[in-house]
Amino acid sequence: MVRPGEAVMFLLELAAYVGVALWAYSLADSTLVGVLLALGAIAVMGTIWALFSSPHARYPVYGWPRVALEVAWFGIAVAAFVAAGILWAGVLLAVVFLALLVYRLRAVGS
């Protein structure tokens, strides 16, 4: 059974991919180049996540390095939304991520 925090984290991860894809797409002058840039941005973010943060990561990180990685990864996504001109989505992603991070850190500490 999936815990609520895991489901929210999964949705946040999807939102992060959307953010970097929209930002990358906005950099291009043509649709084709925009789509290629968006796919490239998704591939870079996905590779980082797969190598270090996924449940089957090749080089998993734990503890505070994991927290730092997640903050950086989602921070990039927030910055991407803002750079793409979608401020409300960046703010929403940041608020929900930080709330979930605090919840998860408190759960570990108790």
Side-chain angles (χ1 to χ4, degrees):
M1 184 168 168
V2 177
R3 294 183 297 230
E6 292 172 357
V8 173
M9 181 59 96
F10 178 71
L11 293 175
L12 290 177
E13 292 165 13
L14 293 179
Y17 288 119
V18 170
V20 296
L22 289 172
W23 165 75
Y25 184 85
S26 73
L27 297 176
D29 291 331
S30 72
T31 301
L32 177 61
V33 173
V35 168
L36 292 174
L37 288 174
L39 291 173
I42 291 169
V44 169
M45 292 292 280
T47 300
I48 292 168
W49 196 255
L51 287 173
F52 303 108
S53 295
S54 78
H56 304 290
R58 180 171 210 137
Y59 309 104
V61 292
Y62 302 101
W64 289 108
R66 170 73 180 232
V67 172
L69 176 67
E70 287 184 8
V71 168
W73 198 83
F74 283 103
I76 289 168
V78 168
F81 270 120
V82 172
I86 311 170
L87 178 63
W88 69 267
V91 170
L92 181 62
L93 179 62
V95 168
V96 175
F97 169 71
L98 290 173
L100 183 59
L101 180 64
V102 169
Y103 169 78
R104 289 167 58 208
L105 289 174
R106 291 187 68 167
V108 170
S110 55

Can you name the closest pair of heavy atoms from Ala41 and Ala24 and give their distance?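 Looking at all heavy atoms of both residues, the closest pair is CB-CB, 3.8 Å.
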How close do Gly19 and Ala80 get, heavy atom to heavy atom, and via which atoms?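 That closest heavy-atom pairing would be O-CB, 3.6 Å.
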Any idea how Trp73 and Tyr17 line up, ring-wise: parallel (<30°), tilted (30 to 60°), or perpendicular (>60°)? perpendicular
Which label fits Phe74 and Trp49: parallel for a plane angle under 30°, tilted from 30 to 60°, or perpendicular past 60°? perpendicular
Minimum side-chain heavy-atom gap Tyr103-Leu101 below 4.5 Å: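 Result no, sub-4.5 Å side-chain heavy-atom pair not found.
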Validation row: Asp29, Val33 side chains within 4.5 angstrom (heavy atoms): no
Quick one: pull up [atom1] in [X] and [atom2] in [Y] and give me the separation to the nearest 0.5 Å.
X	Y	atom1	atom2	result
Glu70	Phe52	CD	CZ	13.5 Å
Tyr25	Ile42	OH	CD1	13.0 Å
Ser53	Tyr59	OG	OH	14.5 Å
Leu12	Leu100	CG	CG	6.0 Å

Can you get from [X] to [Y] by hopping between Ile, Leu, Val, Met, Phe, Trp and Tyr side chains that sit under 4.5 Å apart?
X	Y	answer
Ile48	Val61	yes
Val71	Leu98	yes
Trp23	Leu87	no
Trp88	Val20	yes
Val8	Leu92	yes

Applying the side chain to side chain contact (heavy atoms under 4.5 Å, CB included) test to Leu93, which of Ile86, Val18, Val78 qualifies?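 Answer after filtering Ile86, Val18, Val78: Val78.
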